[in-house]
Amino acid sequence: MPDTSREFDVTVIGAGPSGFAAAMRSWDFGKRVCLVERGRLGGAGVHNGALSSKTMWELSRDYRNATRRDRGFTTTGVEVHFGAVCEAVRMATDTKVEHMTRQLRELATPLPGHPGSITLVRGQAKFVDAHTLQVEDPETGERRSISSHAFVIATGSRPRTLPDIHVDGEVILDSDHIESLSRFPKSLVILGAGVVGCEYATIFSNFGQTKVNLIDRAERILPFEDADVSRLCSSNLERKGVTIHHRASLVSMRRDGDEVEYTIEHATGGRETIRVERALVSIGRVPNFEGLELAKIGVAMTDKGQLQVDDTQTSVPHIYAAGDVTLDIALVSIGEIEGRHAAERICGAPYQPLSYDNLSTIMFLDPEVAAIGINEQEAQKRRIPYRVAVYNYALVNRAIAMRATDGFVKLLVTDDEEMRILGMRALGVHASTTIEGVSLMMQSNRSVRELAELLHPHPAVTEGLQDCVRMLMGTSIHKPEVFRNDLRLSRVDYAPDGAPHSS
Ligand SMILES: Cc1cc2nc3c(=O)[nH]c(=O)nc-3n(C[C@H](O)[C@H](O)[C@H](O)COP(=O)(O)OP(=O)(O)OC[C@H]3O[C@@H](n4cnc5c(N)ncnc54)[C@H](O)[C@@H]3O)c2cc1C
């Protein structure tokens, strides 16, 4: 007999990708599900985040390609208006919201032969006790009480701010404000050269209407990637007119009239004050759990003030957390997997702990960068002997045909007969496609050799990966002995003092 002593079996707070996935997976088990959302369906997975920024990135790339002069045609009179770009972004996000709305509408009541239902409740949720939420509609002020056997907190994250910088949303912005710009700014400074900062530097420089400055505290952008990856991405940004203030620390940033004045201090000691039209502060995200009254119901926090979560379960056994709110890895795919996993644990599906191994990611830069497994700097940090092969897109027919040879595939394998894949980076057109096969091979712990024998369609960018694998086996079609600048093959081991040695 199902326990109907409470209104819902599972209540999910937040209808971003993590919460939506948790709700849908709970529905699979025939549960009475409640999904609470205070804002727009889709959260940052759709609005002011993954889908909106990727739509803008695609449009910016189309524009850049349309205005190139090396493709056998010259276009004239190509105009771009920021408002029209935002309209196209809104069409994309509306499409996604429509899909979500349709599904929620159709699953609101049980279907024939399926007892599950999902009730969407609009409003801001907070716990009244460990089994009861109070949800307040911000517009009407109406309050509703919801009781549930289990909960999934999927309330996401928001942009991090700094105490000394007033983000006013007009002149000094964060990533939530991009679409409120009324036109392309003539100049823009981006504070923070992480993934989001670099993606927006790519987008605005692709459109070519804005002079972009990027403030980077570190020696090079994307410091978590190998130097060759970071070098290609930064030289492409610089080629498009982006000024990267490397090793610069921000001294001050303030609105002055309708502009921004900021001062940076260079590592060499000198200070520089620059005026720009707009600033984008992009220095990470913080989790949204204030206001949920978690302390009241005994949900424990870590010493660093983050949610204490073990395999999506909080310290209160029937309360789970998924996605950005846990601040482990802020990605749609991870949020969805965590949301589904939390739902499975709640609903008693066979238990298998979550694994973040073989996580693949993609950064929407110029070119796009897809990654899986470890890179060289990580292998060296862990003193793992490895073989590495780098294969430039300049030798890949599909990239040649697309007139887009900027990029390379880099494959790391164990330095033994087995040649198990340790990691891969693909930079260039269709990079995300290139990584898929490798992701599957890593998942099933197969040897890289199997890739050498696959029959690829031609021309496909994956042929570069295949010849890269063959290069590791000494059987490539293009020979590293000839294409010394485009193909690299080496073996890295370690001296007794741990210093890496490449041969
Ligand atoms: C500019 C940008 C670009 C990105 N690009 C990518 C990308 O290319 N690929 C990728 O994988 N990831 C990307 N991300 C990250 C991705 O958007 C997030 O990891 C993902 O949205 C997290 O999903 P979530 O459901 O955990 O949280 P969110 O998407 O933030 O959703 C949380 C939801 O909870 C609601 N909520 C919060 N508190 C309450 C409450 N008390 N009551 C009711 N509702 C509440 C919010 O309104 C929101 O709708 C990007 C993020 C940004 C900012």
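Just so you know, ligand 1 is whichever comes first in the structure, and atom 1 is the first atom listed for that ligand.
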Atoms of ligand 1 close to Leu331 [distance to a heavy atom under 4.0 angstrom, numbered from 1]: 10 (C), 11 (O), 12 (N), 19 (O)
Which of the ligand 1 atoms, numbered from 1, are nearer than 4.0 Å to a heavy atom of Asn48: 53 (C)
Donor-acceptor under 3.5 Å (Asp226 side chain, Val229 main chain): no
Arg61 side chain to Asn206 side chain, donor-acceptor N/O pair below 3.5 angstrom: no
Taking atom 21 (O) of ligand 1 as the reference point, the nearest protein heavy atom with its distance: Gly45 N, 2.9 Å
Heavy atom of Val325, distance to ligand 1 below 4.0 Å: no
Close-contact set for ligand 1 against Ile13 heavy atoms, below 4.0 Å: 40 (C), 42 (N), 43 (C)
Gly323 neighbourhood, listing ligand 1 atoms whose heavy-atom distance to it stays under 4.0 Å: 26 (O)
Side chains of Glu58 and Tyr63, donor plus acceptor under 3.5 Å: no
Atoms of ligand 1 close to Gln124 [distance to a heavy atom under 4.0 angstrom, numbered from 1]: 41 (N), 42 (N)
Ile283: partners by side-chain contact (heavy atoms from CB on, under 4.5 Å), with sequence neighbours left out: Arg160, Leu162, Leu191, Val281
Atom 41 (N) of ligand 1: nearest protein contact (heavy atom, Å): Ala125 O, 3.3 Å
Residue and atom name of the nearest protein heavy atom (relative to atom 13 (C) of ligand 1), distance in Å to one decimal: Ala50 CB, 3.6 Å
Non-hydrogen atom of Phe364 closer than 4.0 Å to ligand 1: yes
Side-chain heavy-atom pair Met24, Leu104 within 4.5 angstrom cut-off: yes
Top protein contact for atom 19 (O) of ligand 1, by heavy-atom distance: Asp324 OD1, 2.7 Å
Modelled atom types, side-chain donor and acceptor of Asn288 and Thr155, under 3.5 Å: no
Close approach of Gly291 to ligand 1, heavy atoms, under 4.0 angstrom: no
Atom of Met301, atom of Gln308 and distance for their closest heavy-atom approach: O-OE1, 3.7 Å
Atom 33 (C) of ligand 1: the protein heavy-atom neighbour that sits closest, reported with distance to 0.1 Å: Glu37 OE1, 3.6 Å
Per atom 52 (C) of ligand 1, closest listed option by heavy atom (Ser175, Gly156, Gly49, Ala321): Gly49
From CA spacing to verdict: salt bridge (Lys or Arg N to Asp or Glu O under 4.0 Å), Arg278, Asp258: CA-CA 8 Å; Arg278 295 290 179 266; Asp258 200 30; 3.8 Å; yes
Where ligand 1 meets Gly14 - atom numbers and elements under 4.0 angstrom, heavy-atom basis: 33 (C), 34 (O), 35 (C)
Gln134 versus Arg144, side-chain donor and acceptor atoms under 3.5 Å: no
Side-chain H-bond candidate by donor/acceptor type, Asp168 with His177, under 3.5 Å: no
Best match, Glu290, Arg122, Met56, Arg38: closest heavy atom to atom 36 (N) of ligand 1: Arg38
Qualifying residue, where the test is side-chain contact (heavy atoms from CB on, under 4.5 Å) with Ile297 and the options are Ile319, Leu292, Thr314: Ile319
Numbered atoms of ligand 1 (with element) below 4.0 Å of Arg285, judged on heavy atoms: 53 (C)
Enumerated ligand 1 atoms positioned under 4.0 Å from heavy atoms of Gly43: 29 (O), 31 (O), 48 (C), 49 (O)
Polar contact flag for Ile362 and ligand 1 (N/O pairs, less than 3.5 Å): no
Name of the residue among Leu59, Thr67, Val212, Thr202 meeting side-chain contact (heavy atoms from CB on, under 4.5 Å) with Phe207: Leu59
Heavy-atom nearest neighbour in the protein, as seen from atom 17 (O) of ligand 1, with distance rounded to 0.1 Å: Ala44 O, 3.0 Å
Nearest neighbour of atom 5 (N) of ligand 1 from the list Arg40, Lys54, Lys126, on a heavy-atom basis: Lys54
Top protein contact for atom 11 (O) of ligand 1, by heavy-atom distance: Val332 N, 2.9 Å
Side-chain ion pair, Asp406 and Arg239, N-O less than 4.0 Å: yes
For atom 26 (O) of ligand 1, the protein heavy atom that lies nearest, with its residue and separation: Ser18 OG, 2.7 Å
